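Sharing a structure here in structure tokens format.
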Amino acid sequence: MAFEFNWEGNKDRVNRLLNFIEENKNKKGVLMLILQETQELFGYLPKEILELISEKTNIPLSEMYGVATFYSQFSLVPKGENVIGVCLGTACYVKGGQEILEKIQEILGIGVAETTPDGKFSIDATRCLGACGLAPVIMINEKIYGRLTVDSVEEVINQYR
Amino acid sequence: MMTVEELRKIKEETLKHMESKLYKLDKEKIGQKATNRHVLICGGPGCYSSNVEEIKERFVEKIAEKGLENVEVSISGCFGLCESGPNIEIYPDGTFYSRIKIEDVDEIVEKHLCQNEIVERLLNEDAKKEDKILPVHQVDFYKKQEKIALRNCGIIDYNSIEEYIALDGYHALAKVLTEMDRGEVIEVMKKSNLRGRGGAGFPTGRKWETAYKYEADKKYVICNADEGDPGAFMDRSILEGDPHSVLEGMAICGYAVGSDQGYIYIRAEYPVAVKRLRTAIKQAREKGLLGKNILGTGFNFDIELRLGAGAFVCGEGTALMESIEGRRGMPRPKVERTAHKGLWGKPTIINNVETFANVAPIILKGADWFRSIGTEDSPGTKVFALGGKVKNTGLVEVPMGTTLREIIFDIGGGTVGGKKFKAVQTGGPSGGCIPEEFLDTPVDFASLSKIGSIMGSGGMIVLDESDCMVDIARFFLDFTVDESCGKCVPCREGTKRMLEILERITEGEGTPEDLDRLESLAEIITSSSLCGLGQTAANPVVSTLKYFREEYEAHVYEKRCPAGSCQALLQYFITDKCIGCTKCARNCPVSAISGKVKEKHVIDTETCIKCGACMEACPVGAIIKK
């Protein structure tokens, strides 16, 4: 999807990021910290911001791209307002996690790592969320929903519509 | 700045408020009178997501409304029995309530707290035996457990450094700083033979000694909290329920090896643990238990959090260091030990969360005490995350040497729904599947590797007869392929080829040669991969091929999945329940169903594309797949 970065609307966030860079730039291994802060602030890593970071830190854009694409939590495209992480850890898998994922894809009409056209939801297939006692589970933003069934999952998603 | 004297004072003061819940540690006292009562609410990963904060609020409100005095309500770390959460315990009685909803709170306050009458309908189902109500420590799930790493989980309030101090927290740090020299600390750790709880089981004392011996201007202590094995949540529970135990262990390590800087590398998937660690680090700094001149002894040590970003391979020590250094998390060739040249080329200790949580008790109680628990070769306890098809899913800590059968059947309560036990998967993607015949194997590092699995970090997934072992192997390979960093060829290409073969087999297109190819690929990947991820990637395949070869053969030769799990190999049948409504025939997209109105229909299995449309359409459930 074509996407124009809105400098004006993101002014505050850009300033916060610049302050963060300023405060932390002498820390060793700072790139991960900056990228995490960027992802947190903007919900993804906008190309324009990566260029800005490169300028401020002297870290080449190519190196940043290498790091950003290595880790699954970084995204180069905007994510939905609500990120649904479907756990596909072992405990969830043997208790039907895959079926839950398929049902959510069917409900939202999108696949894994995609975002709904209204920008409301995106789906991630995540590895173990560490709530195996409640398997199968999903995590919406930071909240865990457990002991799901194919029939109960729609109700959970509707809370975020 | 805090002094040792002040530490003792905090302990004394805080203990006064904790009396009745301390009965949880001193089981003899359960049921006896105490000066106060405690409502303990489980705030472990599972229960916490079930709105326990609201339950706590309601308790506090209702208790105030009833004018009850000396009743304290607190949320603590994981009780362990996630299956029946949210769990609540009331002390001094030791009453164990389960599956509590917010609507149940009023009744507990009115009956139990006001009238001393147990609300039987809310009791945990195992807390009642032949009309006798059992206190929590006599419930089967807890009877055989012994807690060291989880000693404070389920007792203290995780947000209170004072309660941690009250249970001898930071006393081990005070002891090493004021009474022991660095060499003595190393000696105690070596003598205890505490082995790394992250999976490989390397002796912690020896690791520390290596870093201690090298002279360097800077040394680092890293806590590996990148708990990535699917099905494992031990470290998460420790970090969330008792974060200070990890901080204290790290500080002791820092003193012993001569480091002033620690890092905790934690998965970003654990936001609650991150929050609680941040709080704990702040509290420790405020109390002068981290930072400069700790306890007035001149020792400096501080800890910084570093978050992972969703890469499993970063649980591997050298990849983790690459990540902290701000690069792609790719493992390094191990020319030198990390205890010699690790983070930024300096001597570095990396230990797992559970390992650090074991340190303080060893310092306080001594190496002999620790060695009296567990086995000769693997002393102490191990925490396991019991999950999958087992009745009591949750977190258990048992002495090393406990058998798999005791863990799965005595503590875990066996399988669910009357299904037959098939195997237990230990060690995550690096481990293997252990069949029933080895259930009496004691759990320790050597015994598990002898039967083709590994201890791993402690995930234990129970599988029953409806789980297909080929599919489980495929599941793990899918995981490894996805998580392989791509640096070395055997892992990057080899695991991909193995996955393709396994996919072929589960789809009914496997050939007999595929089984040989799997075996030879496994051998090559294991012997030639760069890091632990690749070297152990084939384990799930090797162990299932070894113990469940007939299942592979059924897929390959008979195109049949004995567990009835592989979709492509299932066949649909119409049973005698059929009423002849013709609905299935009308819904079949390939016209594979024939039959007359009001007569039993038949599926032509040759034409059937196994889409399941008939099964969904049938109004009487007459269609089955097997």
Side-chain angles (χ1 to χ4, degrees), chain A residues 24 27-40 45 57 59 63-75 85 87-99 112 124-147, chain B residues 44-50 81-83 85 227-233 235-237 267-273 304 306-312 314 323-330 344 385-389 393-395 425 428-429 459 461-464 467 472 475-476 479 482-483 485:
Chain A
N24 291 286
K27 255 188 199 165
K28 283 174 143 182
V30 74
L31 179 58
M32 284 282 284
L33 298 177
I34 295 177
L35 292 182
Q36 278 162 340
E37 184 72 12
T38 311
Q39 174 86 33
E40 177 83 27
L45 305 178
T57 57
I59 299 171
E63 191 182 324
M64 249 185 267
Y65 182 79
V67 172
T69 50
F70 183 82
Y71 297 95
S72 64
Q73 296 232 320
F74 296 130
S75 168
C87 182
L88 290 182
T90 325
C92 288
Y93 182 75
V94 300
K95 286 196 169 176
Q98 186 68 37
E99 283 93 66
V112 172
D124 280 346
T126 70
R127 296 307 179 188
C128 190
L129 294 170
C132 312
L134 300 178
V137 304
I138 62 172
M139 178 156 85
I140 303 188
N141 306 326
E142 287 191 357
K143 189 162 165 50
I144 299 259
Y145 295 89
R147 300 191 184 115
Chain B
C47 295
Y48 194 75
S49 57
S50 311
L81 190 48
C82 311
E83 177 64 31
E227 183 176 56
D229 278 5
F233 53 102
D235 296 348
R236 172 176 183 171
S237 294
R267 296 178 82 195
E269 286 92 333
Y270 286 178
V272 178
E304 201 182 299
R306 287 294 170 100
L307 266 59
F312 174 72
C314 290
S323 184
I324 291 184
E325 291 180 16
R327 286 191 291 273
R328 293 163 73 93
M330 291 170 139
W344 287 295
L386 204 50
K389 308 284 183 62
T393 55
L395 207 62
Q425 207 281 340
I461 307 281
V462 176
L463 306 170
D464 68 24
D467 293 307
I472 293 294
F475 167 81
F476 280 112
F479 181 93
D482 215 31
E483 298 296 346
C485 79

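In the text below, chain A, chain B and the rest are named by the order of the sequence lines, each starting its count at 1. This is a predicted model, so every value here is computed, not measured.
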**Request:** Taking B:Arg267 for its side chain and A:Leu129 for its backbone only, find out whether a donor-acceptor pair lies under 3.5 Å.
**Result:** no

**Prompt:** Using non-hydrogen atoms only, which part of A:Met64 is less than 4.5 Å away from chain B: side chain, backbone, both, or neither?
**Reply:** neither

**Item:** Pick from A:Thr126, A:Val94, A:Val67 with the largest number of heavy-atom pairs that fall under 4.5 Å of chain B
**Value:** A:Val94

**Request:** Determine the option with the most heavy-atom pairs under 4.5 angstrom with chain A, choosing from B:Pro230, B:Gly310, B:Ala309, B:Ser49.
**Result:** B:Ala309

**Message:** Taking side chain as everything from C-beta outward and backbone as N, CA, C, O, which of these in B:Glu304 sits under 4.5 Å from a heavy atom of chain A? Side chain, backbone, both or neither.
**Reply:** side chain

**Asked** Tell me, side chain or backbone of B:Leu81 under 4.5 Å from chain A's heavy atoms, or both, or neither?
**Response** neither

**Which atom of A:Cys132 lies closest to which atom of B:Ala232, heavy atoms considered** = SG-N, 4.1 Å

**Message:** Which atoms of B:Ile324 are under 4.5 Å from chain A, going by heavy atoms: the side chain, the backbone, both sets, or neither?
**Reply:** backbone

**Side chain to side chain, A:Glu40 and B:Leu307, heavy atoms closer than 4.5 Å** = no

**Item:** Which atom of A:Tyr71 lies closest to which atom of B:Arg327, heavy atoms considered
**Value:** OH-O, 2.7 Å

**Prompt:** If you count heavy-atom pairs under 4.5 Å between each of B:Ser50, B:Gly231, B:Gly387, B:Gly85 and chain A, which one has the most?
**Reply:** B:Gly231

**Prompt:** Which is it for A:Thr90 and B:Phe476 under the side chain to side chain contact (heavy atoms under 4.5 Å, CB included) test, yes or no, and what are the steps along the way?
**Reply:** CA-CA 8 Å; A:Thr90 325; B:Phe476 280 112; 3.6 Å; yes

**Fill in**
Assert top hit (heavy-atom pairs under 4.5 Å, partner chain A, pool B:Arg236, B:Glu269, B:Glu325) equals B:Arg236

**Asked** Counting only heavy atoms not in A:Glu142, do more than 12 fall under 6.0 Å of its CD?
**Response** no

**Asked** If every non-hydrogen atom of A:Phe70 is compared with every non-hydrogen atom of B:Ala311, which pair is closest and at what distance?
**Response** CE2-CB, 4.0 Å

**Asked** Of the listed residues (B:Gly394, B:Gly308, B:Ser323, B:Pro45), which shares the most heavy-atom pairs with chain A below a 4.5 Å separation?
**Response** B:Ser323

**Prompt:** Do you know which of B:Glu83, B:Gln425, B:Glu483 has the most heavy-atom pairs under 4.5 Å to chain A?
**Reply:** B:Glu83

**Engaged part of B:Cys47 at the chain A interface, taking heavy atoms whose separation is under 4.5 Å** = neither

**Structural part of B:Leu463 lying under 4.5 Å from a heavy atom of chain A** = side chain

**Prompt:** Between A:Gly89 and B:Phe475, what is the shortest heavy-atom contact and its length?
**Reply:** C-CZ, 3.7 Å

**Request:** Kindly indicate, with the supporting measurements, whether the criterion side chain to side chain contact (heavy atoms under 4.5 Å, CB included) is fulfilled by A:Leu33 and B:Arg306.
**Result:** CA-CA 8 Å; A:Leu33 298 177; B:Arg306 287 294 170 100; 3.7 Å; yes

**Fill in**
Whatever's closer than 4.5 Å to a heavy atom in chain A on B:Asp235 counts as neither

**Contact origin within A:Lys143 toward chain B - heavy atom pairs under 4.5 Å** = side chain

**Proximity breakdown for B:Ala385 and chain A, heavy-atom pairs closer than 4.5 Å** = neither

**Asked** Hey, is the main chain of A:Gly66 close enough, under 3.5 Å, to the side chain of B:Arg328 for a donor-acceptor pair?
**Response** yes

**Message:** Looking at chain A, which one of B:Tyr48, B:Tyr270, B:Phe312 has the largest number of heavy-atom pairs inside 4.5 Å, strictly under?
**Reply:** B:Tyr270

**Asked** Which answer fits A:Leu134, side chain, backbone, both or neither, if we ask what part of it has an atom under 4.5 Å from a heavy atom of chain B?
**Response** side chain

